[in-house]
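Worksheet: the structure to be examined is printed underneath.
Letters go in sequence order (proteins before strands), and every chain restarts at 1.
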Amino acid sequence: MTALDRAFYDRPVLAVARDLVGCVVRHGATAGVIVETEAYHHSEPASHAYVGLTPRTVTLYGPPGVAYVYRSYGIHALLNAVCEPEGEGAAVLIRALEPLDGIAQMRVRRGAHMRLEDLCSGPGKLTQALAVGLELNGTSLVDGPIRFEAPVAARPEVELAVGPRIGITKAVELPWRFCAAGSRHVSRPWPPGHRDTLAA
DNA sequence: CATGGGATTGACT
DNA sequence: GTCAATCCCATGC
């Protein structure tokens, strides 16, 4: 399995967010298929990069293909992939995975009786399941401890569902959330009756 | 220097 | 459905 190269991330963040659905995140013996992403860009107020270059956003404004890991609500670690050329301040939030490898290890970290679809169905859940902590902020996704891999060729192409991002209060209207349509491993079920889907 | 607000989750009514 | 936990850091005085 080959890791995505740096050029993959050195593109518009929306394109990367779309293309990451179906890719694999691997850390140690645990891995999962990405089924949900969100794009964030310095030009819109929901992004941490909106405030400009500060100690907090150094990683976001750095080179693409690097992990941006930050603490959310004082409790959870959230994993992002830094995108676009250095200086642009853009990243894709990984919001949910379909567990692939090391599922027993995930249950040790998340709870022995946890259902499969609850192991990684949220941005804070998947970092706990894969043991991704704040110390991995700034590490390479190309040749660092966390690897993002291209989809296996045998895997059927996923249909993409597109909609507004979750859990934000600013720029709520932007349809910058991308899900594998019909997946039972996403963080929140898709609004019923939503037809705004397109091919991957 | 004090304050307020989260890109969430899990427990509880 | 509601709500607390918990802490870094950006902002404003």
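Contact check for A/Leu20 versus A/Leu4: side-chain heavy atoms found under the 4.5 Å cut-off.
Separation of the C1' atoms belonging to C/dC8 and B/dG10 is 22 Å when rounded to the nearest angstrom.
By the salt bridge (charged side-chain N to carboxylate O under 4.0 Å, His left out) test, A/Arg26 pairs with A/Asp101, A/Glu149, sequence neighbours left out. The side-chain contact (heavy atoms from CB on, under 4.5 Å) search around A/Arg11 returns A/Phe8, A/Ala15, A/Val16, A/Asp19, not counting sequence neighbours. In this structure A/Asp143 satisfies the salt bridge (charged side-chain N to carboxylate O under 4.0 Å, His left out) test with no other residue, sequence neighbours excluded. Residues passing the ring pair (Phe, Tyr, Trp, His ring centres under 6.0 Å) test with A/Tyr61: none are found, sequence neighbours excluded. Under the side-chain contact (heavy atoms from CB on, under 4.5 Å) criterion, A/Pro64 pairs with A/Arg6, A/Tyr9, A/Asp10, sequence neighbours left out. Shown here are the side-chain contact (heavy atoms from CB on, under 4.5 Å) partners of A/Ala67, two or more places apart in sequence or in another chain: A/Val69, A/Leu79, A/Thr139, A/Leu141, A/Ile146.
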For this session: For nucleotides 4-13 of chain B, just jot down a letter per nucleotide in 5' to 3' order: B, S or -, based on protein non-hydrogen atoms under 4.0 Å.
Result: --BBBSS---
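The side-chain hydrogen bond (donor to acceptor under 3.5 Å, both in side chains) pairs that include a residue from residues 62-75 of chain A are A/His48-A/Tyr68, where partners are two or more places apart or lie in different chains. For residues 163-174 of chain A, every residue pair satisfying the side-chain hydrogen bond (donor to acceptor under 3.5 Å, both in side chains) rule, not counting sequence neighbours, is listed here: A/Glu44-A/Arg165. Note on residues 80-90 of chain A: no pairs pass salt bridge (charged side-chain N to carboxylate O under 4.0 Å, His left out), not counting sequence neighbours.
Read 5' to 3', the first and last nucleotides of DNA chain C with an atom closer than 4.0 Å to a heavy atom of chain A are C/dA5 to C/dT11.
Backbone-only engagement by A/Arg56 is indicated by non-hydrogen atom pairs under 4.0 Å involving sugar-phosphate atoms exclusively.
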Exercise. In dot-bracket, 5' to 3', how would DNA chain B read with Watson-Crick or G-U wobble pairs under 3.5 Å, [ ] for crossing ones and | for pairs to another strand?
Worked result: ||||||.|||||.
